Student: 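Provided herewith is a single structure, encoded as structure tokens, for subsequent inquiry.
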Amino acid sequence: MQASLNKQIVRRFIDEYQTGADERAFAELLHPDVVDHSRPPGIAAGAEGVRQQFDGFRAGLPDFRATILHLVAEGDLVVTHKVFRGTHTGELMGIPPTGREVEILVIDIVRVEDGRIVEHWNVVDRLGLLQQLGAIPAPETAASA
């Protein structure tokens with residue numbers, strides 16, 4: 001039963017905050033002191049760091065949206081396999097706008113406690129993103145060069 005409730009919390013966070021930018025959902029569903037074990041360098045700790053990351057996505061990909069491909073829960077852990085999509089019309093990761101549609105594959109593991117996300121781990125296909133943005137050659141381009 002608890003795993004089902006935790007899945008609902010994570011689904012709401014993805015739909016309402018990650019895609020919808022709803023600050024009310026952000027405050028309700030994410031603990032202010034969330035521990036992000038996958039936090040990139042230069043990003044603040046806690047909820048502020050999560051906000052910084054999604055503000056960055058939205059600045060670079062104004063039509064940013066997250067789509068859940070798989071959602072699995074056991075106990076207090078929820079795993080999502082999802083794709084972030086958007087059009088690169090603003091600077092992203094220091095890369096000027098390309099106008100390209102991009103897809104970023106992500107696997108997240110979060111721990112939920114008392115109705116809030118308190119811990120986070122993830123794997124993000126940054127290499128694939130950099131290739132889509134033309135910042136590094138795609139394998140078939142590199143092989144033919």
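Keep in mind that what you see is a predicted model, and the values were worked out from it rather than measured. As a basis for the values below, the full set of heavy atoms in this structure was taken, side chains included, without hydrogen atoms, waters or symmetry mates.
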Student: For residues V106 and V50: do they belong to one hydrophobic cluster (side chain heavy atoms under 4.5 Å, members Ile, Leu, Val, Met, Phe, Trp, Tyr)?
Tutor: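 As far as the 4.5 Å side-chain criterion goes, V50 and V106 are connected within one cluster.
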Student: What's the shortest heavy-atom distance between P96 and G94, and which atoms?
Tutor: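 Heavy atoms of P96 and G94 come nearest at CD-O, 3.7 Å.
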Student: Would one find more than 12 heavy atoms of other residues, nucleotides or ligands at under 6.0 Å from atom NE2 of H70?
Tutor: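 No, NE2 of H70 has 12 or fewer neighbouring heavy atoms, counting only those of other groups under 6.0 Å.
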Student: Parallel, tilted or perpendicular: which describes the rings of H37 and W121, with under 30° parallel and over 60° perpendicular?
Tutor: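 Correct class here is parallel.
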Student: Look only at the side chain of R39 and the backbone of I43, and say whether a donor-acceptor pair between them is shorter than 3.5 Å.
Tutor: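 Yes; judged by distance alone, with no hydrogens or angles, the pair exists.
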Student: Going through the distances and angles, do V112 and V118 end up as a side chain to side chain contact (heavy atoms under 4.5 Å, CB included)?
Tutor: CA-CA 6 Å; V112 178; V118 297; over 6 Å; no
Student: Between atom CG of L61 and atom CZ of F54, what is the distance when rounded to the nearest 0.5 Å?
Tutor: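 Here the interatomic distance stands at 11.5 Å.
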Student: Determine, stepwise, if the pair L133 / M93 fulfils side chain to side chain contact (heavy atoms under 4.5 Å, CB included).
Tutor: CA-CA 10 Å; L133 296 176; M93 297 173 22; 5.6 Å; no
Student: What pairs of residues pass the side-chain hydrogen bond (donor to acceptor under 3.5 Å, both in side chains) test when at least one of them lies in residues 95-107, not counting sequence neighbours?
Tutor: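 Residue pairs passing side-chain hydrogen bond (donor to acceptor under 3.5 Å, both in side chains), neighbours aside: R85-E103, T87-E101, H88-T98.
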Student: If I compare all heavy atoms of Q52 with all of A44, which pair ends up nearest, and what's the gap?
Tutor: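 So the minimum-distance heavy-atom pair works out to OE1-N, 2.8 Å.
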Student: Let me check something: do V79 and L77 share a hydrophobic cluster, defined by ILVMFWY side-chain heavy atoms less than 4.5 Å apart, either directly or through other members?
Tutor: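 Yes, V79 connects to L77 through the hydrophobic network.
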Student: Has the side chain of R126 got a donor or acceptor atom that lies under 3.5 Å from a matching backbone atom of I104?
Tutor: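 Checked: no pair found.
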Student: Quick test of your reading of the model: are D22 and R24 salt-bridged, counting only N-O distances below 4.0 Å?
Tutor: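 Yes, D22 and R24 are salt-bridged.
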Student: About how many Å separate CD of Q53 and CZ of R58, when rounded to the nearest 0.5 Å?
Tutor: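 So the gap between those two atoms works out to 11.5 Å.
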Student: I need the minimum non-hydrogen distance between A47 and V34, along with the two atoms involved.
Tutor: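 Scanning both residues completely, I find the closest heavy atoms to be N-CG1, 3.6 Å.
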Student: Answer whether the closest heavy-atom distance between the side chains of E113 and D76 falls below 4.5 Å.
Tutor: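 They are not in contact (no side-chain heavy atoms under 4.5 Å apart), so the answer is no.
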Student: Taking the basic N atoms (NZ, or NE/NH1/NH2) and the acidic carboxylate oxygens, is any pair closer than 4.0 Å for R116 and E28?
Tutor: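 Between E28 and R116 there is no salt bridge, as every charged N stays at least 4.0 Å from the carboxylate O atoms.
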Student: Could you state whether L69 and F64 fall into the same hydrophobic cluster, counting links through intermediate Ile, Leu, Val, Met, Phe, Trp or Tyr residues with side-chain heavy atoms under 4.5 angstrom apart?
Tutor: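 Each belongs to a different hydrophobic cluster.
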Student: Do you reckon V123 sits in the same ILVMFWY cluster as V110, going by side-chain contacts under 4.5 Å, direct or chained?
Tutor: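 Different clusters: V123 never reaches V110 through Ile, Leu, Val, Met, Phe, Trp or Tyr contacts under 4.5 Å.
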Student: Please say whether the positively charged group of R11, taken as NZ for Lys or CZ for Arg, lies over the ring of Y17, i.e. under 6.0 angstrom from the six-membered ring centre and within 45 degrees of the axis.
Tutor: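 Not flagged: R11 not positioned over aromatic ring of Y17.
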Student: In Å and rounded to the nearest 0.5 Å, what is the CG to CG distance from N122 to D36?
Tutor: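 Separation between the atoms: 6.5 Å.
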Student: Say you draw a straight line from CG of L29 to CD1 of I9; how long is it, rounded to the nearest 0.5 Å?
Tutor: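 Between L29 CG and I9 CD1, I get 7.0 Å after rounding to 0.5 Å.
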Student: On a heavy-atom basis, which atom in A3 and which in A73 lie closest, and how many Å separate them?
Tutor: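 Closest approach of A3 to A73: O-CB, 3.6 Å.
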Student: Quick one: pull up CD1 in I107 and CG in D125 and give me the separation to the nearest 0.5 Å.
Tutor: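 Reported to 0.5 Å precision, the distance equals 10.0 Å.
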Student: Please evaluate residues V72 and V78 with respect to the criterion side chain to side chain contact (heavy atoms under 4.5 Å, CB included), reporting the C-alpha separation (whole Å), side-chain torsions for both, the decisive distance (0.1 Å), and the verdict.
Tutor: CA-CA 6 Å; V72 179; V78 179; over 6 Å; no
Student: Checking the side chain of T19 only, and the main-chain atoms of R65 only, is there a donor and an acceptor separated by less than 3.5 Å?
Tutor: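 No.
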Student: Apply side chain to side chain contact (heavy atoms under 4.5 Å, CB included) to residues Q18 and F13 and explain how you reach the verdict.
Tutor: CA-CA 6 Å; Q18 288 183 347; F13 185 77; 3.8 Å; yes
Student: Let me check something: do I109 and L30 share a hydrophobic cluster, defined by ILVMFWY side-chain heavy atoms less than 4.5 Å apart, either directly or through other members?
Tutor: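 In one cluster with I109: L30, no.
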Student: Looking only at atom types and distance, does a side-chain atom of Q132 sit under 3.5 Å from a main-chain N or O of G128, one as donor and one as acceptor?
Tutor: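 Yes; at least one donor-acceptor contact below 3.5 Å.
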Student: Mind listing the closest non-hydrogen atom pair of G56 and L92 along with its distance?
Tutor: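 Scanning both residues, the minimum pair turns out to be O-CD1, 3.7 Å.
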Student: Quick one: are E48 and P32 in side-chain contact, heavy atoms under 4.5 Å?
Tutor: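 No, side chains not in contact.
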